[in-house]
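A short worksheet on the structure shown next.
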Amino acid sequence: MGQMIRRPKGTRDLLPGEMETRRRVEDAIRRICESWGYREISTPVFEHLQLFKEKSGEDIVEELYAFTDRGDRGMALRPEATASIVRAYLQEMRADPKPVRLYYLANCFRYEQPQSGRYREFWQFGTEVLGGDTPEADAEAIALSDAVMRELGLENSLELGHLGVLRGLADDVGVPVEERDRLLSLIDRGDREAVRQVFGDEAEGALSILDVRGEAEEALRRLEDVLSPYDARDGLEDLRAVMRELERFRVGPKLNMGIARGLEYYTGAVFEAYAPGLGAQDQVMGGGSYELCSVFGGDEMRSTGFAFGFDRVVQALEAQGELPGPGEPAVYVAPVTTSVRRYAISVTRRLRDAGLRAEIDVKGRGIGAQVKHADSKGVAQLIVIGEREEEAGEVSLKDMESGEQVTLSLDDAVELLGDR
RNA sequence: GCCGGGGUGGGGUAGUGGUUAUCCUACAGCCCUGUGGAGGCUGCGACCCGGGUUCGAUUCUCGGUCCCGGCCCCA
């Protein structure tokens, strides 16, 4: 077996054991979203390349799996879900009563260098509150993301920033509009020197915006201090309103004015969560309020959304402690001879109907080999069926851990197994 | 795109400029046929790819590729 075809770089085969833990996480996520009134949406894995260019700029093409289809159309595998969802909203849901609350779990693709917590195919789970044009909607998104992490028991640091504040400050300091996005990305990076140069010497005080991070109330006071010489008050008022609403939810993110996405469509509150134990890529969630509808040619409409790195969430939970899945089937049915197969199959069906995960020999192995096989698979219970059992309408139930074996009626066996 | 560390059967490993390339495990089969979860036997199967040095490369060297981690980026 020299060179077999291997999986493409940056992709993973998710084996049964891992799928079982992922499924548990997924189930919890769906449950919470639905209990908050969000409904699931699924959009195409590929879209017109133009969609992503319009959202994120020409440069992202380098990071995309882009291709030309047989009709000579430029296409790309989705690198994230929000663009598609806003597109679908404009195409299909415009007239729906606002806000439109949606959630999704979608595999996404980015042509990047893989490293810990970063793959070329990865899964994002997230929500959007389309047309939720209020601090209350922003707060709901943040509170929901917090509820998801709580439900999962995910240790994290939840941090809140605000682009309205940063843009207002930039304006007041006199940063030209064309410099602003670059400034935001410098702030995001925490490049103090570069930020100082953009602000200029006379705005030394504004530089302390970079130090506004920490527990909410104290950090808010510091932010007010930083902003006091300026009249960038709109953003601050919005941020206060979001925090006030969050307080009603009893959710208290840290304040971090260093969260500053450079993209224009982000409007106000932005937030991220980090989980310990993930190495260099420790951000598990990011979100914010945005205005994408007009970018895609619709009317202006503000929305708020967040996206979790599903794989990272699973990885972080695994780092925290085990997430056992259901594992191998609980019951293995071992017919002693083919002559009792009919009865054995009917027994297996009874077990399955009772909700048990049951498996029956298909290799025609002898009873000895079947016991051996069941053991090596790690099956918990073995049911031996031979002619004696069939005649009496019974089964022999062997506990593979203790080795104890009892012969009892099928009904009793089902009842006994059902209790475990 | 860049940097560092790695690549020997499915998994884990030993080792070497010339060997039938080591061992464990897994897997498959046989013995046995109502419990052989054992034991025994047999089988299966590897030096990442390509160029160079050399009489000879799995071993040395260069390039590529993939894996692990990091940088850049992070929609």
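What you see is a predicted model; the values in this text were computed from it and never measured. Sequence lines set the chain letters: A, B, ... in the order given, protein chains first and strands last, and positions in each chain run from 1.
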* Asked: Strictly by modelled atom types, are Glu300(A) and Ser294(A) linked by a side-chain donor-acceptor pair under 3.5 Å?
  -> no
* So, for Phe306(A) and Phe308(A), is the gap between ring centers shorter than 6.0 Å? -> yes
* Relative to the 5' end of RNA chain B, which residue comes earlier, Arg120(A) or Val336(A), by the nucleotide with the nearest heavy atom? -> Val336(A)
* Asked: Parallel, tilted or perpendicular for Tyr265(A) and Tyr290(A), by the 30°/60° rule?
  -> perpendicular
* Out of U35(B), C67(B), A38(B), which nucleotide sits closest to the side chain of Lys372(A)? -> A38(B)
* Answer yes or no: is there an ion pair linking Arg312(A) with Asp282(A), defined by an N-O contact shorter than 4.0 Å? => no
* Pair Phe125(A) + Phe310(A): ring centers closer than 6.0 Å -> no
* Over how many whole Å does the gap from Trp123(A) atom CH2 to A75(B) atom P extend? -> 21 Å
* Contact class for Gly279(A) (heavy atom, under 4.0 Å): base, sugar-phosphate, or nothing? -> sugar-phosphate
* Structure fact -> For G63(B), the nucleotide meeting Watson-Crick or G-U wobble distances (both under 3.5 Å) is C49(B)
* To do: Could you check how far CG of Leu263(A) sits from P of C74(B), rounded to whole Å?
  => 8 Å
* A75(B) P sits how many Å from Arg118(A) CZ, rounded? -> 10 Å
* Arg6(A) has an atom CZ; how far is it from atom P of C68(B), in whole Å? -> 10 Å
* Which nucleotide in the set G34(B), G70(B), A38(B) lies at the smallest distance from any side-chain heavy atom of Glu389(A)? -> G34(B)
* Evaluation steps, side-chain hydrogen bond (donor to acceptor under 3.5 Å, both in side chains), between Ser185(A) and Arg189(A) -> CA-CA 6 Å; Ser185(A) 95; Arg189(A) 237 174 292 169; 3.3 Å; yes
* Of the nucleotides A28(B), G37(B), G70(B), which one has an atom closest to the side chain of Asp375(A)? -> G37(B)
* To do: Tell me which nucleotide among C72(B), A75(B), G34(B) gets nearest to the side chain of Gln115(A).
  => C72(B)
* Asked: For Arg78(A) and C74(B), what is the distance between atoms CZ and P respectively, to the nearest whole Å?
  -> 22 Å
* Asked: So what does Tyr266(A) touch, heavy atoms closer than 4.0 Å: a base, only the sugar-phosphate, or nothing?
  -> sugar-phosphate
* Expressed in whole Å, how much space separates the C1' atoms belonging to A14(B) and A46(B)? -> 13 Å
* Asked: Can you find an N or O donor on one side and an acceptor on the other, under 3.5 Å apart, linking the side chain of Arg110(A) with the base of C73(B)?
  -> no
* Side chain of Lys398(A): nearest nucleotide among C27(B), G37(B), G70(B)? -> G37(B)
* Gap in Å between the two P atoms, one belonging to G34(B) and one to A28(B), rounded -> 22 Å
* Between the side chains of Glu389(A) and Thr407(A), does any donor sit under 3.5 Å from an acceptor? -> no
* Let me know the distance between CD of Gln113(A) and P of C71(B), rounded to the nearest Å. => 13 Å
* Asked: Expressed in whole Å, how much space separates the C1' atoms belonging to C30(B) and C24(B)?
  -> 23 Å
* If the P atom of G5(B) is compared with that of C62(B), how far apart are they to the nearest Å? -> 12 Å
* Answer with base, sugar-phosphate or nothing: what part of the nucleic acid does Glu62(A) contact at a heavy-atom distance below 4.0 Å? => nothing
* Roughly how far apart, to the nearest Å, are C48(B) and U65(B) at atom C1'? -> 8 Å
* Asked: Which nucleotide sits closest to the side chain of Arg388(A): G34(B), A75(B), G70(B)?
  -> G34(B)
* Asked: Should Lys363(A) be listed as having a side-chain N or O under 4.0 Å from OP1 or OP2 of G29(B)?
  -> yes
* Asked: Touch check for Tyr332(A), heavy atoms < 4.0 angstrom, all strands: base, sugar-phosphate only, or nothing?
  -> nothing
* Under 4.0 angstrom, heavy atoms only, what part of the nucleic acid is Arg12(A) near: base, sugar-phosphate, or nothing? -> nothing
* Structure fact -> Side-chain atoms of Ser396(A) come closest, of A38(B), G34(B), C73(B), to G34(B)
* To do: Tell me what Gly10(A) touches on the nucleic acid: a base, only sugar-phosphate, or nothing, going by heavy atoms under 4.0 Å.
  => sugar-phosphate
* Say you pick atom P in C55(B) and the same atom in G12(B); how far apart are they, in whole Å? -> 38 Å
* So does Gln405(A) reach the base of G34(B) with its side chain, donor to acceptor, closer than 3.5 Å? -> no
* To do: Could you tell me whether Gln283(A) contacts a base, only the sugar-phosphate backbone, or nothing, with contacts defined as non-hydrogen atoms closer than 4.0 Å?
  => nothing
* **G17(B) and G50(B), which share atom name P, separated by this distance in whole Å** => 23 Å
* To do: Please measure how far the P atom in A57(B) lies from the corresponding atom in G11(B), and state the result in whole Å.
  => 27 Å
* Do Glu159(A) and Ser157(A) have side-chain atoms, one donor and one acceptor, less than 3.5 Å apart? -> yes
* **Side-chain N or O of Arg365(A) closer than 4.0 Å to phosphate OP1/OP2 of G29(B)** => yes
* Structure fact -> Taking a pair to mean Watson-Crick or G-U wobble geometry with both distances below 3.5 Å, G4(B) pairs with C68(B)
* What integer distance in Å separates Arg261(A):CZ from C73(B):P? -> 15 Å
* Structure fact -> In Watson-Crick or G-U wobble terms, with both distances under 3.5 Å, the base opposite C74(B) is none
* **Along RNA chain B (nearest heavy atom to each residue), the more 5'-positioned of Ser116(A) and Leu64(A)** => Ser116(A)
* Asked: Could you give the NZ-to-P distance, from Lys377(A) to C27(B), as a whole number of Å?
  -> 10 Å
